[in-house]
Amino acid sequence: MSDKFDVIVIGGGPGGYVAAIRAAQLGLKTAVIEKYQGKEGKTAMGGTCLNVGCIPSKALLDSSYKFHEAHESFKVHGISTGEVAMDVPTMVSRKDQIVKNLTGGVGALIKANGVTLFEGHGKLLAGKQVEVTGLDGNIQVLAAENVILASGSTPVNIPPAPVDQDVIVDSTGALDFQSVPGKLGVIGAGVIGLELGSVWARLGSEVTVIEAMDKFLPAADEQIAKEALKALTKQGLKILMGARLTGSEVSNGQVTVSYTDANGEQKATFDKLIVAVGRRPVTADLLAADTEVNLDERGFIYVDDYCATSVPGVYAIGDVVRGPMLAHKASEEGVMVAERIAGHKAQMNYDLIPSVIYTHPEIAWVGKSEQVLKAEGVEVNVGTFPFAASGRAMAANDTAGLVKVVADAKTDRVLGVHVMGPSAAELVQQGAIAMEFGTSAEDLGMMVFSHPTLSEALHEAALAVNGHAIHIANRKKR
Ligand SMILES: NC(=O)c1ccc[n+]([C@@H]2O[C@H](COP(=O)([O-])OP(=O)(O)OC[C@H]3O[C@@H](n4cnc5c(N)ncnc54)[C@H](O)[C@@H]3O)[C@@H](O)[C@H]2O)c1
């Protein structure tokens with residue numbers, strides 16, 4: 001046995017690297033184990049989020065939105081451009097450079113905080129020992145007082161559309177197309193399907209999204225989901241609901257998919273097909289048989305509210321445990337666990353984890369939807385404000401969508417903030433901060449918001465909860 005650590009973290013994604021940095025800050029002797037090899041053939045920190053998830057997809061979303069604006073919207077402002085063209089390899093290599101900078105930055109932070117990096121595969125053994133299989137195949141065993149499992153998730157594969165990363169790709173392959181597919185199929189109208197579908201639609205692909213469920217974005221507030229479906233359809237995304245994929249056949253560089261919908265058997269042919277039907281936790285070769293760490297019935301590592309597993313001193317965080325598969329949820333769990341190991345009484349508010357879909361307009365929310373609250377028997381007051389009535393949104397030529405604030409009818413406490421529109425993610429975060437402090441709609445209404453800002457739409461929606469909005473006619477007058 002070569003070394004003993006206070007904390008060993010398996011996995012260097014947004015859960016693991018944040019946990020490791022926080023543990024080191026708290027004076028704990030910490031190691032992190034990471035095996036992912038980036039495009040340069042070097043160990044890259046940051047997990048799915050930095051390497052093949054949140055960050056690269058946002059790089060492509062931003063590039064493609066700029067192209068779309070130059071192509072479609074500049075003329076409204078009086079700007080003429082001549083022919084606008086997109087060089088896809090340049091767009092993709094810009095994305096790669098951002099990934100390289102960020103993963104390198106995290107590597108530097110790990111070092112600066114005195115965390116020891118082991119490059120290779122980590123596996124928990126009994127007795128809080130951790131086996132590391134190095135990239136060269138050499139095996140060493142480390143000992144720890146505490147182990148944090150942060151092995152993340154991987155895309156779900158489905159038998160009717162086996163991924164070959166050429167014609168049929170998953171979310172990773174879809175970040176590296178070297179040209180714009182003429183016809184693009186997407187399986188799954190979830191977060192990834194809509195974000196990546198948007199990227200390629202903006203660049204000119206004819207995009208068809210095949211979604212098995214009948215209800216669009218079931219986790220979102222119904223009013224927001226309805227508006228979002230309208231907006232995305234207007235942008236040219238063909239979204240087929242209640243359509244279940246049954247098979248696919250690749251030939252001559254194209255793929256023909258079969259699916260069933262309300263009208264029976266259908267077929268469609270695409271140049272590329274993105275499979276985005278969810279992600280599953282990574283636990284393969286993570287736990288030796290005698291560790292006594294339990295999994296739940298869905299294959300996630302079973303943890304309590306504080307991310308403690310069934311084995312004292314062993315914790316698990318992020319996508320490998322229950323809850324939404326979101327980088328910010330993983331990071332906060334990492335901080336909580338590191339602090340608890342250091343003896344602090346840290347906890348995390350699982351009720352206020354914001355969700356964002358980075359389409360344009362963005363779709364974001366925090367707290368509960370009007371429908372969920374009503375189903376729970378909570379009486380609510382609702383205030384909405386459309387961006388069409390916002391001076392700032394008009395100035396930006398970006399007026400689709402609305403802000404919706406849902407408050408308890410008895411106490412006026414804000415229970416949900418739901419936004420579709422420009423900077424929805426940032427506006428929802430303002431709601432999240434206020435909700436964390438138990439805000440009422442009246443409190444938000446009494447605050448001074450800068451003019452002219454998009455944030456005023458949140459102010460007005462909060463005022464509208466009690467019939468006091470100034471810049472729209474109130475549904476409810478008091
Ligand atoms: N912006 C973000 O926060 C962000 C971005 C990307 C990914 N993520 C996370 O990554 C995870 C995975 O994302 P995702 O979009 O793959 O999953 P998802 O669960 O959001 O959506 C998958 C969709 O595929 C549909 N589906 C499943 N099987 C199907 C089939 N056979 N035919 C047709 N449709 C089918 C499902 O009904 C669902 O609507 C999510 O948990 C998400 O939160 C988050």
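Small disclaimer: the values here were computed from a predicted structure and weren't measured. Counting starts at 1 for both ligands and their atoms, following the listed order.
- Formation of a donor-acceptor pair under 3.5 Å by the Ser198 side chain with backbone atoms of Leu194 is found in this model.
- Gly190 CA, 4.1 Å is the protein heavy atom nearest to atom 18 (P) of ligand 1.
- Among Asp221, Val406, Val405, the single residue meeting the side chain to side chain contact (heavy atoms under 4.5 Å, CB included) criterion with Val382 is Val406.
- Look at Glu119 and Lys35 and you find no salt bridge, because none of the NZ, NE, NH1 or NH2 atoms lies under 4.0 Å from a carboxylate O.
- Note that the NZ atom of Lys272 and the OG atom of Ser179 stand 6.5 Å from one another [nearest 0.5 Å].
- Polar contact with ligand 1: present for Glu211 (N/O pair, distance under 3.5 Å).
- Looking from atom 16 (O) of ligand 1 to the surrounding protein, the closest heavy atom is Gly278 N, 2.8 Å.
- Those atoms of ligand 1 with a heavy atom of Tyr358 less than 4.0 angstrom away are 1 (N).
- Contact annotation: for Tyr259 versus ligand 1, there are no heavy atoms closer than 4.0 Å.
- Counting heavy atoms only, Ile192 comes closest to atom 6 (C) of ligand 1 of the residues Ile192, Thr359, Val275.
- Protein heavy atom at the shortest distance from atom 34 (N) of ligand 1 is Ala212 N, 3.1 Å.
- Among protein heavy atoms, atom 4 (C) of ligand 1 sits closest to Val191 CG1, 3.2 Å.
- Looking only at protein heavy atoms, the nearest one to atom 32 (N) of ligand 1 is Ile187 CG2, 3.6 Å.
- Looking only at heavy atoms of the protein, atom 27 (C) of ligand 1 is closest to Val277 CB, 3.5 Å.
- With a 6.0 Å radius and a threshold of 12 heavy atoms from other residues, nucleotides or ligands, Arg413 has its CZ atom at or below the threshold.
- Between atom 22 (C) of ligand 1 and the options Pro218, Ala276, Cys54, Gly188, the minimum heavy-atom separation is to Ala276.
- Glu333 and Tyr350 form a side-chain donor-acceptor contact under 3.5 Å, judged by distance and modelled atom types alone.
- Remark: the Lys42 side chain and the Gln37 side chain contain no N/O donor-acceptor pair separated by less than 3.5 Å.
- When heavy-atom distances to ligand 1 are checked against a 4.0 Å cut-off, Val156 has no atom that comes that close, whether in backbone or side chain.
- Here Lys58 pairs with Glu195 in a salt bridge; the nearest charged N to carboxylate O distance falls below 4.0 Å.
- Relative ring orientation between Tyr65 and His360 is described as parallel, the plane-to-plane angle staying below 30° on a 0-90° scale split at 30° and 60°.
- Residue Ile210 has at least one heavy-atom neighbour below 4.0 Å for each of these atoms of ligand 1: 33 (C), 34 (N).
- Salt bridge present: Lys95 and Asp176 bring a charged side-chain N and a carboxylate O closer than 4.0 Å.
- Nearest residue to atom 42 (C) of ligand 1 from Glu195, Met325, Met213 is Met325 (criterion: closest heavy atom).
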Exercise for the section: Using the side-chain contact (heavy atoms from CB on, under 4.5 Å) rule, take Thr208 and Leu184 through it: C-alpha gap first, then chi angles, then the decisive distance, then the call. Expected result: CA-CA 6 Å; Thr208 304; Leu184 174 66; over 6 Å; no
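- Taking any N or O of Ile357, backbone or side chain, none lies under 3.5 Å from an N or O belonging to ligand 1.
- Among protein heavy atoms, atom 31 (N) of ligand 1 sits closest to Ile158 CD1, 3.9 Å.
- One option in Glu362, Lys329, Arg279 has a heavy atom closer to atom 12 (C) of ligand 1 than any other, and that option is Arg279.
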